[in-house]
There are 2 protein chains.
Amino acid sequence: MALAEAILVCLTERPMSGYDLAKYFDASIGFFWRASHQQIYRELGRLRERELVDSQEISQSGKPNRIVHTITDKGRTAVTGWSAKPVRMPSVKDELLVKLYALETVDTKAMREQISVRLEQHQSKLSEFRRIKSRFYDGKDLNLNQKGKLIALELGIDQELFRIAGWETVLKKMTDAGV
Amino acid sequence: MALAEAILVCLTERPMSGYDLAKYFDASIGFFWRASHQQIYRELGRLRERELVDSQEISQSGKPNRIVHTITDKGRTAVTGWSAKPVRMPSVKDELLVKLYALETVDTKAMREQISVRLEQHQSKLSEFRRIKSRFYDGKDLNLNQKGKLIALELGIDQELFRIAGWETVLKKMTDAGV
DNA sequence: TGACACTATGCAACAATGTGCATATAATCA
DNA sequence: TGATTATATGCACATTGTTGCATAGTGTCA
């Protein structure tokens, strides 16, 4: 149940509405912990019940009212407590790798195309990460929180580079194997 | 619902019982698609209902009877059909990276320990992959299916090496940041 | 000889995640 | 002016994953 913690971590930055959080996830922490807006709203309800966030409705004319969630002291303590607990290895699930396991049965032409699509996705993630890095971090004076995010971001950039190289190697090896 | 397909892919190799499958998952395809024995048994029941596998009970004295599952023609067709369909990006979920996002709030001493544990886990996975490679693949004459598995395994080895380097860099950068 | 691990299967309950839908207004673009 | 996008929240259902339990005989180690 670490979506709760991921949300709390975001709220240590500043109070946010569910909508803000969903966008924040898409643009930053979601690179390492994806969540849809439905999940976020549901989890916010639970966090409110557990008194880890304080939710305040703000009237808006025209648009639906915003509900802004602020992390409580109890919530901050919960984050620190959680952070000290051991983590598990991230669960691995990649269909594309499973397909490599039955090269005789799968449609290898379609697979090569899927690998190309995957490569493009990694390319565009890479560009996005680099854009964020140069826009928000390069040449700036950073506080500790920002330094942590930068470390994560740089790991993300290296990961994308590695994956691009990896899948390109797979394509080459498939060619060598005659498919 | 790709656990179904992962199981079918295993069964293209040879007929197996649920127990065999659970072990096979632990030792090979599970590196890229983890599943517990409970999940596997449940999914096998569904596959039997959909007639993608044929299940045959084999009497054994002493031990409980084995139920051996064989992929059907319908199942083989299903695998090929599935293989041609586009895959999604694997979902990302790593608590350790989330912790990097709140360096001011988390227990950084505990975090460094967790990174060390993570490093050890990647080390032992790496050793296992290398052991499997040298034992079953190096210097052997391989058919197409085996070549595919070797490609996946080599990608796995590179991935572990990359992750070890990545987390070591994170530790260094944390030191530079003063935590 | 008692404890433990291995073989072999599976249910039940619960927790977490993902998909689809529903609502409602304002601004922007073609 | 009609279509789309952005703002803003949330329910219901389906699927997937985890934990704990239950059964039961065999082999191995101390």
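Lettering of chains follows the sequences in order, A, B, ..., and the numbering in each one begins at 1.
For the pair A:Q38 and C:dT19, the criterion of a side-chain N or O lying under 4.0 Å from OP1 or OP2 is not met. Remark: A:K93 is in phosphate contact with D:dG17, judged by side-chain N or O atoms under 4.0 Å from OP1 or OP2. The shortest distance between the side-chain N/O atoms of B:R42 and the OP1/OP2 oxygens of D:dT18 is not below 4.0 Å.
Across C:dT17, D:dT7, D:dT9, the shortest atom-to-atom separation from the side chain of A:Y41 is found for D:dT9. If you check C:dG10, D:dT18, D:dT7 against the side chain of A:K23, the one that comes closest is D:dT7.
Between A:F129 and A:F32, the ring planes lie tilted relative to each other; the angle falls in the 30° to 60° range.
Ionic pairing of B:E113 and B:K109 is present here: one or more N-O contacts between side-chain nitrogen and carboxylate oxygen are shorter than 4.0 angstrom.
Recorded end-axis angle for the helix from C:dT1-D:dA30 to C:dA30-D:dT1 stands at 40°, based on five pairs per end and rounded to 10 degrees.
In this model, no donor atom of one side chain and acceptor atom of the other lie less than 3.5 Å apart for B:Q146 and B:K140.
Closest non-hydrogen pair, A:P90 versus B:D94, comes out as CG-OD2, 3.7 Å.
Taking for each of B:R34 and A:V68 the nucleotide of DNA chain D with the nearest heavy atom, the 5'-most of the two is the partner of A:V68.
Counting only distance, with no hydrogens or angles, the side chain of B:K133 and the backbone of B:D138 share no donor-acceptor pair below 3.5 Å.
Residues from residues 12-19 of chain B lying near DNA chain C, meaning a heavy-atom separation below 4.0 Å, are B:S17, B:G18, B:Y19 in numerical order.
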